[in-house]
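The structure appears below as structure tokens.
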Amino acid sequence: MEEIPVRVAVRVRPLLCKEILHNHQVCVRLIPNTQQIIIGKDRIFTFDFVFGKNSTQDEVYSTCIKPLVASLIEGYNATVFAYGQTGSGKTYTIGGGHIASVAEDKKGIIPRAIQDLFQSISENSSIDFNIKVSYIEVYKEDLRDLLELETSIKDLHIREDEKGNTE
């Protein structure tokens with residue numbers, strides 16, 4: 001597999017009901033037929049992928065994450081990093097909601113990736129798979145694995161060993 005650099009996507013969420021009620025205005029616009037956005041009146045930024053307010057969970061997943069899941073099956077590491085201020089839509093994009101019974105079209109990156117990953121594993125029963133997953137929150141320079149609630153913030157470190165394995 002060809003080495004792939006870090007790719008950056010931006011997803012612009014629609015205004016929330018409470019923002020509309022308070023007459024807030026959208027400050028980010030997409031430039032049609034480009035991978036660029038405009039912030040304010042004239043600040044232009046270019047990304048690898050740009051998703052507008054009407055983008056679907058499936059569109060984001062299929063474009064950005066599905067290729068990473070395919071690489072995982074081939075034995076490569078993959079990391080998805082969601083960044084943004086509080087209320088920017090990270091949790092929605094990553095998880096899709098707070099309940100397991102969320103509608104299929106609303107499911108985020110994690111449930112879709114898990115479904116595809118285990119589907120691929122079941123189709124490759126002659127291969128031995130070892131899966132290790134972390135769900136890391138970075139907050140004020142502290143790391144916390146949201147899947148390991150017993151782990152102290154001070155005890156969590158992310159490293160790569162001499163073989164390239166992430167620990």
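Sorted by first and then second residue, the pairs that involve residues 42-51 and meet side-chain hydrogen bond (donor to acceptor under 3.5 Å, both in side chains), not counting sequence neighbours, are Gln36-Thr46. Applying the salt bridge (charged side-chain N to carboxylate O under 4.0 Å, His left out) rule to pairs touching residues 14-38 yields Arg13-Glu19, sequence neighbours excluded.
Under the 3.5 Å distance criterion, the side-chain polar atoms of Lys90 are left unmatched by any main-chain donor or acceptor of Ala82.
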Q: Under the side-chain hydrogen bond (donor to acceptor under 3.5 Å, both in side chains) rule, what do Gln119 and Glu123 come out as? Steps first, then yes or no, please.
A: CA-CA 6 Å; Gln119 178 66 38; Glu123 293 169 358; 2.7 Å; yes
Q. Do Arg112 and Asp58 pass the side chain to side chain contact (heavy atoms under 4.5 Å, CB included) test, and can you show the C-alpha distance, the side-chain angles, and the key distance before you say yes or no?
A. CA-CA 9 Å; Arg112 290 170 189 270; Asp58 185 57; 3.3 Å; yes
Q: List the steps and the verdict of side chain to side chain contact (heavy atoms under 4.5 Å, CB included) for Asp105 and Thr56.
A: CA-CA 8 Å; Asp105 65 326; Thr56 65; over 6 Å; no
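Under the 4.5 Å side-chain heavy-atom criterion for ILVMFWY residues, a single connected hydrophobic cluster contains both Val12 and Ile39. Hydrophobic clustering, with ILVMFWY side chains joined whenever heavy atoms are under 4.5 angstrom apart, keeps Ile37 apart from Leu15. In the hydrophobic cluster analysis, where Ile, Leu, Val, Met, Phe, Trp and Tyr join through side-chain heavy atoms closer than 4.5 angstrom, Leu16 is grouped apart from Tyr92. Under the 4.5 Å side-chain heavy-atom criterion for Ile, Leu, Val, Met, Phe, Trp and Tyr, Val8 and Phe45 are members of the same hydrophobic cluster.
Phe81 and Tyr83 have parallel rings, their planes meeting at less than 30° on a 0 to 90° scale where 60° marks the start of perpendicular. Using a 30° and 60° split on the angle between ring planes, Phe49 and Phe51 fall in the parallel class, below 30°.
With values rounded to the nearest 0.5 angstrom, Gln57 atom CD is found 9.5 Å from Ile94 atom CD1. For the atom pair Ile110 CD1 and Thr93 OG1, the distance stands at 11.0 Å (nearest 0.5 Å). For the atom pair Lys107 NZ and Ile114 CD1, the distance stands at 10.0 Å (nearest 0.5 Å). With rounding to the nearest 0.5 Å, the separation of CD1 in Ile44 from CD1 in Ile31 is 4.5 Å.
Two residues are said to be in side-chain contact when any heavy atoms from C-beta on lie closer than 4.5 Å; Ile131 and Ile121 meet this criterion. Proximity of Ser120 to Phe129: side-chain heavy atoms (C-beta onward) are nowhere separated by under 4.5 Å. Using a 4.5 Å heavy-atom cutoff, the side chains of Arg11 and Val60 are in contact. You'll find the side chain of Val10 stays beyond 4.5 Å of the side chain of Gln35, heavy atoms only.
Scored by the salt bridge (charged side-chain N to carboxylate O under 4.0 Å, His left out) test, Glu59 finds no partners at all (sequence neighbours excluded).
Of all the heavy atoms in Cys64 and Ala9, the pair that sits closest is SG-CB, 3.8 Å.
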